[in-house]
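In what follows, every heavy atom counts, from backbone to side chain, and hydrogens, waters and symmetry copies are set aside.
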Amino acid sequence: VKNTSYDVFANEINEDMHMGLREIVGDNLVAGPIENQEFGDKQFDIITLWGVLEHLIDPITVLTQVKNIVKESGYVMALIPNINSRAYKLLGARTPTLNPKVHIQMFTEASFKLMCDKAGLRIVKLFGELPVIDLMYDYCRYGNQLISEIMSSNESYYHAYLIEK
């Protein structure tokens, strides 16, 4: 990222993405699975796992590696589909996040907390993201009341977690 005072790194396993990422982060691209990388004493202030963990066979190993490389004062942000979303309750198996070709893990708040605990991480805060998806419109009355109800009952389509050591 040009014109910033931060050192920005990227980790990507998909080789098709490497060229574009190198244009953004230069030599700060870590190619391949993060759990196979050696970082030495390198530590990061913020690590994002945005739409990552549901794609992994062994997300606990990844979270453990993340714990090892985030600073004591640092944070991890993770975005994952919410298996208890209102979309899932309305659409069932037609919910786009239920795609076993790419989403091989699904988490509840309790299972994600347990996974973080096993990795030595602690959830600081949970945020709801995307309360309504377009496929829900035929099954609900869209409006502020619906959004408030979904957000207050923790049924947004995604959960974003702020995590620390």
Side-chain angles (χ1 to χ4, degrees), residues 1-85 87-88 91 94-109 111-135 151 156-165:
V1 174
K2 297 175 176 102
N3 300 322
T4 181
S5 60
Y6 297 99
D7 289 330
V8 178
F9 286 74
N11 171 239
E12 180 59 58
I13 62 172
N14 183 343
E15 291 181 14
D16 294 338
M17 301 299 292
H18 290 177
M19 185 183 311
L21 283 170
R22 283 195 198 285
E23 290 178 17
I24 298 168
V25 300
D27 292 334
N28 290 344
L29 173 64
V30 179
I34 195 169
E35 63 270 28
N36 297 341
Q37 305 301 319
E38 291 294 327
F39 289 92
D41 59 357
K42 180 74 177 151
Q43 298 261 287
F44 299 92
D45 294 301
I46 300 170
I47 297 173
T48 59
L49 299 167
W50 219 247
V52 171
L53 296 171
E54 65 273 17
H55 298 273
L56 304 177
I57 292 170
D58 187 4
I60 293 175
T61 299
V62 170
L63 285 173
T64 301
Q65 172 71 319
V66 165
K67 182 205 124 217
N68 293 334
I69 61 174
V70 69
K71 290 181 180 177
E72 286 297 328
S73 60
Y75 291 100
V76 179
M77 285 293 301
L79 180 82
I80 59 175
N82 176 12
I83 192 63
N84 291 319
S85 71
Y88 177 72
L91 302 171
R94 295 181 315 235
T95 308
T97 53
L98 292 179
N99 181 344
K101 290 182 181 179
V102 294
H103 289 167
I104 58 177
Q105 305 279 352
M106 295 303 286
F107 309 100
T108 63
E109 288 177 61
S111 68
F112 188 69
K113 181 185 181 310
L114 179 63
M115 195 167 58
C116 287
D117 290 346
K118 286 184 178 211
L121 296 166
R122 183 179 76 82
I123 297 170
V124 176
K125 185 136 175 85
L126 165 72
F127 302 91
E129 174 68 23
L130 193 62
V132 177
I133 63 171
D134 59 349
L135 295 174
M151 296 306 286
S156 62
Y157 195 62
Y158 292 108
H159 280 161
Y161 292 90
L162 179 63
I163 304 162
E164 66 183 6
K165 283 186 177 181

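- A donor-acceptor contact shorter than 3.5 Å links the side chain of Glu12 to the backbone of Asn14.
- In terms of modelled atom types and a separation under 3.5 Å, the side chain of Lys165 and the main chain of Lys67 share a donor-acceptor contact.
- For Ile46, the CD1 atom sits in a loose shell: 12 or fewer heavy atoms of surrounding residues, nucleotides or ligands are nearer than 6.0 Å.
- Of all the heavy atoms in Met151 and Gly128, the pair that sits closest is CE-O, 3.5 Å.
- Looking at Lys113, its side chain never comes within 3.5 Å of a backbone N or O of Ile123 through a donor-acceptor pair.
- A donor-acceptor contact shorter than 3.5 Å is absent between the side chain of Asn82 and the backbone of His159.
- Here the side chains of Ile83 and Leu98 are in contact, with some heavy-atom distance below 4.5 Å.
- Across all their heavy atoms, Ala160 and Leu79 have their closest contact at CB-CD1, 4.0 Å.
- Listed by first and then second residue, the ring-ring contact (aromatic ring centres under 6.0 Å, His included) pairs involving residues 29-74 are Phe9-Phe44, Phe39-Phe44, His55-His103 (not counting sequence neighbours).
- Considering only heavy atoms from C-beta on, Lys118 stays 4.5 Å or farther from Leu63 through its side chain.
- For the pair Thr108 (side chain) and Ser111 (backbone), a donor-acceptor distance under 3.5 Å is present.
- Residues Gln65 and Asn68 meet the side-chain proximity criterion, which asks for heavy atoms closer than 4.5 Å.
- Atom CD1 of Ile34 sits about 10.0 Å away from atom CG of Leu56, to the nearest 0.5 Å.
- Residues Val70 and Asp45 come closest through the heavy atom pair CG2-O, 4.2 Å.
- Although no hydrogens or angles enter the test, the distance criterion places a donor-acceptor pair under 3.5 Å between the side chain of Ser156 and the main chain of Glu129.
- Looking at Ile163 and Val66, their side chains never come closer than 4.5 Å, going by heavy atoms from C-beta outward.
- Between Gln105 and Leu53, the closest side-chain pair of non-hydrogen atoms is not below 4.5 Å.
- Minimum heavy-atom separation, Pro33 to Ile13: N-CG2, 3.3 Å.
- Between Leu49 and Val76, the closest side-chain pair of non-hydrogen atoms falls below 4.5 Å.
- In terms of heavy atoms, Ile133 sits closest to Leu130 at CG2-CD2, 3.6 Å.
- Atom CE of Met17 sits in a sparse spot, with 12 or fewer heavy atoms from other residues, nucleotides or ligands closer than 6.0 Å.
- Arg122 meets the side-chain hydrogen bond (donor to acceptor under 3.5 Å, both in side chains) test with Glu164; sequence neighbours excluded.
- Within the 4.5 Å cutoff, side-chain heavy atoms of Met115 are placed close to those of Phe107.
- With hydrogens and angles disregarded, a donor-acceptor distance shorter than 3.5 Å links the side chain of Tyr157 to the backbone of Thr97.
- Put simply, CD1 on Ile104 and CG on Asp58 are 9.5 Å apart, with the number rounded to the nearest 0.5 Å.
- At least one side-chain heavy atom of Tyr161 sits under 4.5 Å from a side-chain heavy atom of Leu126.
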